[in-house]
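One structure below.
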Amino acid sequence: MPIDQKHIASLKQQARPLNQAKDLSPLFHAIGDARIVLLGEASHGTHEYYHWRSLITRHLITEKDFSFIGVEGDWPDCYNVNRYVKGYTSEPPPPQDILRQFDRWPAWMWANWEIVALVNWLARFNHGRPANQRAGFYGLDVYSLWESMEAMIGYLDKEDRQAAQEVRSLIRCFEPYKQSDGQKYAWAARQEVPAPCQQDVVELLQTIRQRVPGYNHDPEAVLSTEQNAHIIHNAEKYYRAMIGFGPDSWNVRDHHMTDTLDRLMDFHGVKAKAIIWEHNSHIGDARATDMEAEGLVNVGQLVRQRYGREHVFAVGFGSYEGTVTASRRWGDPMQAMTMPPGRAGSWEAMLHHAVGSDSLILSEDLVRQEAFHTPIPHRAIGVVYHPQQESHGNYVPSVIPDRYDAFIHIEQSRALHPLHLHPDGTKIPETYPWGV
């Protein structure tokens, strides 16, 4: 696809320089009174995405009274971070030790120095504030089946021995499928109706829902227990769906993340405001891409539908070239890879030719221009990445002003700084001090 000169001319006029925190002022003005701000990323391994999302997050919490951060991570691990930043632990370990507990591949998404800096800042912000005014940190994802069962047992052994035994029975049901990442369970579910553990999961969720009002000594622990029950229920649904080739497993996951957001908003009260950190593929409205034709929905679409577009603000991120932390194959060691320049005709290439530097684009400046109402290829990199093959599968046709409310372009990006690249603690990367 050749470079469209109409796009280039428009972007030259509309793109705003982005060099320091004060350059975000137009973005905060555009966010206005939105209750939910969705912050994306075009990869799970780019330093600049985490850096700018952190700066935006800090402003939203301090200046606009946002209540919590919800991320594309597992609930049990993120709940440990939440307890740390809210000061619920009397003698907590250093935040980097808490983040090293993120050991599900790809651990580098949250076990990195950029998040250490954000967690340190959150803990300092919360210190001395009333409990109901402390900003939280929660995981929205559905993958933590085993961790959620173990967390529930730890809590229910003190609160409800009978319910704890039900969870132990559920563990025994899933035990034969533990080593297969859900694949064995998915195949078994195709052979048996109902699926092997399906009824047990439904009954456990019903039990927890009925009894949770009596677990009242620690409201956040009660919230966590109920959420873990929902994770078990939806993880079982996810495993049943994953063996097919349709949209079901993706949709189960994004519905779960949106339902989790709903529960967190309810928990935090009528004035609750949320900041969500997820990949562009989750936070950018699916209806503005080819996902809709494939029967896929996502968090960005669902949140706009549930809360109203005027109450939701989505910020997409992308970069033209640089390095990125990713892996060659699922489960392989991570590495810093070279990301080639955005392909000709892509959103990234247009921004490079129009501006050639880090910039902020507001969709309200683009929406009146016909040139931006047709799909433009827009790069998306996952945890598995093959740079030499990216032109064949890493670009999503996107109507940019419909997919996002704003976009942050990084001209030359750098790979994320994972924690365990510095196991001896003698060399903390230069990214760390800005959040300390």
Checklist line | Salt bridge present between D157 and R168 (N-O < 4.0 angstrom) | finding: yes

Next item on the list: Step through it carefully: locate the ring centre of H282, locate the ring centre of W250, and say whether they are under 6.0 Å apart.
Entry: yes

Check: Do the side chains of V315 and D405 get nearer than 4.5 Å, heavy atoms only?
Finding: no

Check: Does the gap between the ring centers of H230 and H256 come in under 6.0 Å?
Finding: no

Check: Would you say the side chains of R35 and H311 form a donor-acceptor pair under 3.5 Å?
Finding: no

Checklist line | Basic-acidic side-chain contact under 4.0 Å: R209, E226 | finding: no

Note to self: What's the separation between atom NZ in K178 and atom CD1 in I171, rounded to the nearest 0.5 Å?
What the structure shows: 8.0 Å

Notebook entry, point to check: Tell me, do R379 and I381 make a side-chain contact under 4.5 Å, heavy atoms counted?
Noted result: yes

Next item on the list: Under the ring-ring contact (aromatic ring centres under 6.0 Å, His included) rule, what do F137 and F68 come out as? Steps first, then yes or no, please.
Entry: CA-CA 6 Å; F137 187 96; F68 63 89; over 10 Å; no

Next item on the list: Please say whether more than 12 non-hydrogen atoms of neighbouring residues, nucleotides or ligands are located less than 6.0 Å from CG in N132.
Entry: yes

Note to self: Assess whether a salt bridge exists between R104 and E147, defined as any Lys/Arg side-chain N lying under 4.0 Å from an Asp/Glu carboxylate O.
What the structure shows: yes

Next item on the list: Working to the nearest 0.5 Å, report the span between CD1 of I275 and CG of L60.
Entry: 4.5 Å

Checklist line | Electrostatic pair R100:D97 at N-O distance under 4.0 angstrom | finding: yes

Check: NZ of K64: more than 12 outside heavy atoms within 6.0 angstrom?
Finding: yes

Note to self: Is the positively charged end of R58 above the ring of F125, judged by distance under 6.0 angstrom from the centroid and angle within 45° of the axis?
What the structure shows: no

Margin query: Pair Y395, E390 - check side chain to side chain donor-acceptor pair (under 3.5 Å), show working.
Written below: CA-CA 8 Å; Y395 286 83; E390 75 158 32; 2.9 Å; yes

Next item on the list: Start with the C-alpha gap between Q412 and Y320, add the side-chain angles, then the distance that decides, and say whether side chain to side chain donor-acceptor pair (under 3.5 Å) holds.
Entry: CA-CA 6 Å; Q412 185 88 28; Y320 177 65; over 6 Å; no

Item checked: Ring centers of F28, H59 separated by less than 6.0 Å -> yes

Next item on the list: Kindly indicate, with the supporting measurements, whether the criterion salt bridge (Lys or Arg N to Asp or Glu O under 4.0 Å) is fulfilled by R253 and D141.
Entry: CA-CA 7 Å; R253 186 181 174 209; D141 225 327; 2.7 Å; yes

Notebook entry, point to check: Would the H378 and Y404 ring centres measure less than 6.0 Å apart?
Noted result: yes

Checklist line | Cationic N near anionic O, under 4.0 Å, R306 to D259 | finding: yes

Next item on the list: Would you indicate whether the side-chain heavy atoms of T325 and Y385 approach each other to under 4.5 Å?
Entry: no

Check: Centroid-to-centroid, Y138 to W75, below 6.0 Å?
Finding: yes

Next item on the list: Indicate yes or no: at least one non-hydrogen side-chain atom of N298 is less than 4.5 angstrom from one of I283.
Entry: no

Item checked: Ring center gap for F407 and F317 short of 6.0 angstrom -> no

Note to self: Could you check, using the six-membered ring where one of them is a Trp, whether Y177 and Y239 have ring centers closer than 6.0 angstrom?
What the structure shows: no

